[in-house]
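Side-chain atoms are counted along with the backbone in the values below, which use heavy atoms only and exclude waters and symmetry mates. Quantities reported herein were computed from a predicted structural model and do not represent experimental measurements.
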Amino acid sequence: MKITIEIDERSEVVKLTAFFKAFNIETVSMVKTDGETKHIITKGDKSIDPEALFGIWEKEPKNLDDIRKAGWQKR
């Protein structure tokens, strides 16, 4: 399993290291980054026409309570 923890301050690294030592966790690796993480943003597909969704409850109107009841029953 891989868990990523991003820390900005050196004092937090010291605390986290002490935590790992206290619980005898030895399989830890640290990677120093340049400080700026690059997030990839993907633009949506603008060719999809949402009009097909309009009026899907036209013949059977729903209110928020109906939607909540249906959602809770599925659990």
Side-chain angles (χ1 to χ4, degrees):
M1 180 185 321
K2 184 176 189 177
I3 299 172
T4 303
I5 302 172
E6 293 183 20
I7 298 177
D8 295 330
E9 297 181 24
R10 179 115 177 111
S11 63
E12 292 176 348
V13 174
V14 173
K15 291 176 189 175
L16 189 59
T17 304
F19 173 80
F20 290 142
K21 285 181 182 177
F23 285 94
N24 203 19
I25 300 172
E26 297 175 2
T27 55
V28 176
S29 63
M30 288 193 255
V31 178
K32 186 176 180 181
T33 61
D34 61 358
E36 194 169 317
T37 306
K38 308 249 185 215
H39 297 285
I40 300 171
I41 298 174
T42 306
K43 299 248 181 194
D45 184 359
K46 302 293 184 191
S47 67
I48 298 173
D49 185 16
E51 284 191 30
L53 297 173
F54 297 166
I56 58 174
W57 290 333
E58 184 177 16
K59 295 178 184 170
E60 247 182 84
K62 305 271 186 211
N63 61 29
L64 192 54
D65 290 332
D66 294 337
I67 295 168
R68 285 184 179 145
K69 285 177 190 174
W72 282 104
Q73 289 177 358
K74 291 181 182 178
R75 286 187 171 189

Would you please name every residue forming a side chain to side chain contact (heavy atoms under 4.5 Å, CB included) with Ile41, sequence neighbours left out?
none
Report the residues that fulfil side chain to side chain contact (heavy atoms under 4.5 Å, CB included) with Asp65, sequence neighbours left out, ordered by chain and then residue number.
Asn63, Arg68
Are Met30 and Ile3 linked, directly or through intermediate hydrophobic residues, by side-chain heavy-atom contacts shorter than 4.5 Å (ILVMFWY only)?
yes
Tell me, which pairs form a side chain to side chain donor-acceptor pair (under 3.5 Å) where one or both residues lie in residues 7-18, sequence neighbours left out?
none
Hits for side-chain hydrogen bond (donor to acceptor under 3.5 Å, both in side chains) against Asp45, two or more places apart or cross-chain, chain-then-number order -> Ser47
List, one per line, each side-chain donor-acceptor pair under 3.5 Å for residues 18-28, sequence neighbours excluded.
none

If the condition is salt bridge (Lys or Arg N to Asp or Glu O under 4.0 Å), which residues does Glu60 pass it with, not counting sequence neighbours?
Lys62
